[in-house]
> 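Sending over a structure as structure tokens; questions will come in a sec.
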Amino acid sequence: MNIMLLGAPGSGKGTQAAMISGRYGIPHISTGDILRQAVTDGTGLGLKAKGYMDRGELVPDEIIIGVVEECLQEKDCERGFILDGFPRTVAQAESLEKSLKGMGRSLNVVLNIEVEDEEIIRRLTGRRICERCGRIFHLLFDPSKKGEVCEVCGGDLYQRVDDTEETVRRRLEVYKEQTAPLIDFYERRGLLRNVQGEKSAADVFEHIQGALEGIRG
Ligand code: AP5
Ligand code: MG
């Protein structure tokens, strides 16, 4: 199954992708995670991306498209994949369509997770992430049972630099200007499924599983 998760920052793409990956055994490709790792490692990609990410802007299409193309060639993507945070512009979506076509493949479904702006601000300003295993928490909505450390692996929890209210508001503007047009793009291709994101993560996942039933890929 070749799945793409669409949705504003904080709509729950990473949370749901981890659940889908666990349930269906297909890899989760998060361009945000790949770029953050590159920043931490100080690679050329990270150096190019950091300024854009800190400001809440998108990194240029030509930087990110090649990164995803490489991931899709990996053996573990043969049985399917979950794209989270890519494509993010119409140019990225067109390029993805072309690369998949070249591989004799295509997306099976685009899940569009819908959440209102004020809920997004609450979610992102309270988000904490395990620096070791990447588990996503929320100080109020999904706190770690071990407080300041990850309940899964004991790693320290950190807050993303782009999760301040000011940067989240900029990310929301960028989403509306550059990414929301993909809703129409995929609607026209008959791939879009809207998912009501303002329910518990477990309820959202149940809805997603329902939407994935009957989809072949
Ligand atoms: P990226 O990392 O992709 O960030 P984003 O799209 O802004 O999305 P987030 O990761 O912030 O949110 P999410 O939807 O994954 O929510 P989560 O599950 O964590 O991108 C970061 C930056 O990288 C971009 O700004 C850009 O610079 C660059 N970039 C990345 N991809 C790019 C591309 N293709 N092109 C160009 N630039 C690119 O949940 C959020 C919080 O809510 C958590 O605390 C969670 O516990 C909580 N939560 C989740 N679900 C629920 C629920 N149902 N109820 C209550 N709380 C919930
Ligand atoms: Mg994410």
Side-chain angles (χ1 to χ4, degrees), residues 4-21 28-39 45-46 48-69 71 82-93 95-96 111-130 134-144 150-151 157-165 167-180 182 195-208:
M4 184 219 158
L5 292 178
L6 183 60
S11 55
K13 301 181 298 295
T15 302
Q16 294 301 323
M19 296 167 92
I20 299 168
S21 176
H28 170 198
I29 303 171
S30 158
T31 42
D33 288 349
I34 293 169
L35 291 169
R36 276 183 293 280
Q37 189 62 51
V39 171
L45 172 66
K48 280 186 222 155
K50 187 177 185 319
Y52 297 101
M53 296 175 79
D54 288 352
R55 291 191 301 275
E57 312 279 339
L58 297 182
V59 307
D61 291 334
E62 59 273 19
I63 293 181
I64 197 73
I65 284 171
V67 171
V68 176
E69 273 177 4
C71 288
I82 307 155
L83 284 174
D84 158 9
F86 182 93
R88 225 51 165 230
T89 61
V90 170
Q92 291 179 19
S95 157
L96 173 68
L111 299 166
N112 177 37
I113 310 180
E114 300 176 302
V115 176
E116 294 298 324
D117 288 6
E118 291 312 308
E119 171 68 8
I120 280 169
I121 305 282
R122 282 191 288 275
R123 287 188 185 185
L124 290 185
T125 50
R127 173 166 58 186
R128 298 292 183 273
I129 304 168
C130 173
R135 166 75 156 85
I136 301 166
F137 294 95
H138 189 282
L139 292 177
L140 301 175
F141 307 145
D142 185 17
S144 168
C150 176
E151 67 187 33
L157 305 185
Y158 74 97
Q159 182 171 25
R160 273 171 47 176
V161 287
D162 58 349
D163 275 350
T164 61
E165 180 166 344
T167 309
V168 171
R169 291 202 185 274
R170 177 67 193 136
R171 287 160 61 198
L172 280 170
E173 284 171 5
V174 169
Y175 170 78
K176 283 168 196 163
E177 285 161 16
Q178 300 187 56
T179 308
L182 294 182
V195 176
Q196 217 292 60
E198 291 196 36
K199 293 184 286 184
S200 72
D203 284 351
V204 174
F205 183 53
E206 203 166 306
H207 183 156
I208 286 178

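For this chain, numbers begin at 1 and follow the sequence in order. Both ligands and their constituent atoms are indexed starting at 1 by order of listing. These figures come from a predicted structure and were not determined experimentally.
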> Between Arg171 and Glu57, is the closest basic N to carboxylate O distance under 4.0 Å?
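Salt bridge between Glu57 and Arg171, a charged N being under 4.0 Å from a carboxylate O: no.
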
> Centre of Phe137's six-membered ring, under 6.0 Å away, within 45 degrees of the axis: is that where NZ or CZ of Arg135 sits?
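Yes, a cation-pi geometry.
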
> Given Arg160, Arg122, Lys13, identify the one with the heavy atom nearest to atom 4 (O) of ligand 1.
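The nearest heavy atom belongs to Arg160.
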
> Can you check whether Gln16 has an N/O within less than 3.5 Å of an N/O in ligand 1?
no

> Could you tell me whether ligand 1 has any atom less than 4.0 Å away from a heavy atom of Ser11?
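In this structure, Ser11 qualifies as a contact of ligand 1 - some heavy atom is under 4.0 Å.
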
> For atom 43 (C) of ligand 1, what is the closest protein heavy atom, and at what distance to 0.1 Å?
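The protein heavy atom lying closest is Ile136 CG2, 3.5 Å.
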
> Cation-pi check, Arg88 to Phe86: give yes when NZ or CZ is under 6.0 Å from the six-membered ring centre and within 45° of the ring axis, no otherwise.
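Geometry flag: not set, cation outside 6.0 Å or 45°.
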
> Kindly identify the option in Gln92, Gln178, Arg55 whose heavy atom sits closest to atom 35 (N) of ligand 1.
Gln92

> Return yes or no for this condition: an N or O of Thr31 is under 3.5 Å from an N or O of ligand 1.
yes

> Is Arg128 in polar range of ligand 1, meaning some N or O pair under 3.5 Å apart?
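No: no nitrogen or oxygen of Arg128 is under 3.5 Å from one in ligand 1.
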
> Among all protein heavy atoms, pick the one closest to atom 22 (C) of ligand 1 and tell me residue, atom and distance.
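Minimum-distance protein heavy atom for atom 22 (C) of ligand 1 reads Met53 CE, 4.0 Å.
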
> Indicate whether the side chain of Asp61 and that of Thr89 have a donor and an acceptor atom separated by less than 3.5 Å.
yes

> Could you identify the single nearest non-hydrogen protein atom to atom 20 (O) of ligand 1 and state the distance to 0.1 Å?
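Of every protein heavy atom, Arg88 NH2, 3.1 Å lies nearest to atom 20 (O) of ligand 1.
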
> Kindly indicate whether the side chain of Ile34, heavy atoms from C-beta on, has any atom under 4.5 Å from the side chain of Cys71.
yes

> For the side chain of Glu198 and the backbone of Glu116, is there at least one donor-acceptor N/O pair under 3.5 Å apart?
yes

> For Gly14, take its heavy atoms, then give the atoms of ligand 1 lying under 4.0 Å from any of them.
13 (P), 15 (O), 18 (O)

> Side-chain contact test, heavy atoms from C-beta onward, threshold under 4.5 Å: evaluate it for Gln16 versus Ile208 and give yes or no.
yes

> Flag Gly12 as yes when one of its N or O atoms lies below 3.5 Å from any N or O atom of ligand 1, and as no otherwise.
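Indeed, backbone or side chain, Gly12 has an N or O that close.
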
> Taking side chain as C-beta onward, heavy atoms only, is Gln196 less than 4.5 Å from Val204?
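Gln196 does not reach Val204 side chain to side chain.
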
> Please could you name the atoms of ligand 1 that Arg171 approaches to less than 4.0 Å, counting only its heavy atoms?
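Counting from 1, the qualifying ligand atoms are 4 (O), 5 (P), 7 (O), 9 (P), 11 (O).
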
> I'd like to check which ligand 1 atoms, numbered from 1 as shown, lie under 4.0 Å from a non-hydrogen atom of Phe137.
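Here the atoms of ligand 1 in question are 43 (C), 44 (O), 46 (O).
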
> From the options Pro60, Ala93, Ser30, Gly10, select the one whose nearest heavy atom is closest to atom 12 (O) of ligand 1.
Gly10

> Which residue and non-hydrogen atom of the protein lie closest to atom 52 (C) of ligand 1, and at what distance in Å?
Arg123 NH2, 3.3 Å

> If the threshold is 4.0 Å, N to carboxylate O, is there a salt bridge linking Arg169 and Glu173?
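Result for this pair is no, no salt bridge flagged.
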
> Considering only heavy atoms of His138, which atoms of ligand 1 have at least one such atom less than 4.0 Å away?
44 (O), 46 (O)

> If you look at every heavy atom in Ile120 and Val115, which pair is closest and at what distance?
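Looks like CD1-O, 3.6 Å.
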
> Under 4.0 Å from ligand 1, counting heavy atoms only, is it the side chain of Ile64, its backbone, both or neither?
side chain

> Have a look at ligand 1 and work out which part of Leu124, if any, has a heavy atom under 4.0 Å from it: side chain, backbone, both or neither.
side chain

> Using a strict cut-off of 4.0 Å, indicate which atoms of ligand 1 neighbour a heavy atom of Glu57.
25 (O), 26 (C), 27 (O)

> Just which atoms of ligand 1 are under 4.0 Å from any heavy atom in Arg36?
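Atoms satisfying the 4.0 Å criterion: 2 (O), 21 (C).
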
> Can you list the ligand 1 atoms lying under 4.0 Å from a non-hydrogen atom of Lys199?
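Going through ligand 1 atom by atom, the ones under 4.0 Å from Lys199 are 52 (C), 53 (N), 54 (N).
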
> Do Arg170 and Asp54 sit within salt-bridge range, that is, some charged N less than 4.0 Å from a carboxylate O?
no

> Between Glu114 and Val195, is any pair of side-chain heavy atoms under 4.5 Å apart?
no

> Does Thr125 reach the main-chain N or O of Ile121 with its side chain, forming a donor-acceptor pair under 3.5 Å?
yes

> When you check the gap from the basic side-chain N to the acidic O, do Glu118 and Arg122 get nearer than 4.0 Å?
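A salt bridge is absent here (no side-chain N lies under 4.0 Å from a carboxylate O).
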
> If the cut-off is 4.0 Å to any non-hydrogen atom of Gly85, which atoms of ligand 1 fall inside it?
31 (N), 32 (C), 33 (C), 34 (N)

> Could you say whether the N/O atoms of Phe86 and ligand 1 ever approach to under 3.5 Å?
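No - when backbone and side-chain N and O of Phe86 are compared with those of ligand 1, no distance drops under 3.5 Å.
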
> Please write down residue, atom name and distance for the protein heavy atom closest to atom 18 (O) of ligand 1.
Thr15 OG1, 2.6 Å

> Closest non-hydrogen protein atom to atom 29 (N) of ligand 1, residue and atom name please, with distance?
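Closest protein heavy atom to atom 29 (N) of ligand 1: Leu35 CD1, 3.5 Å.
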
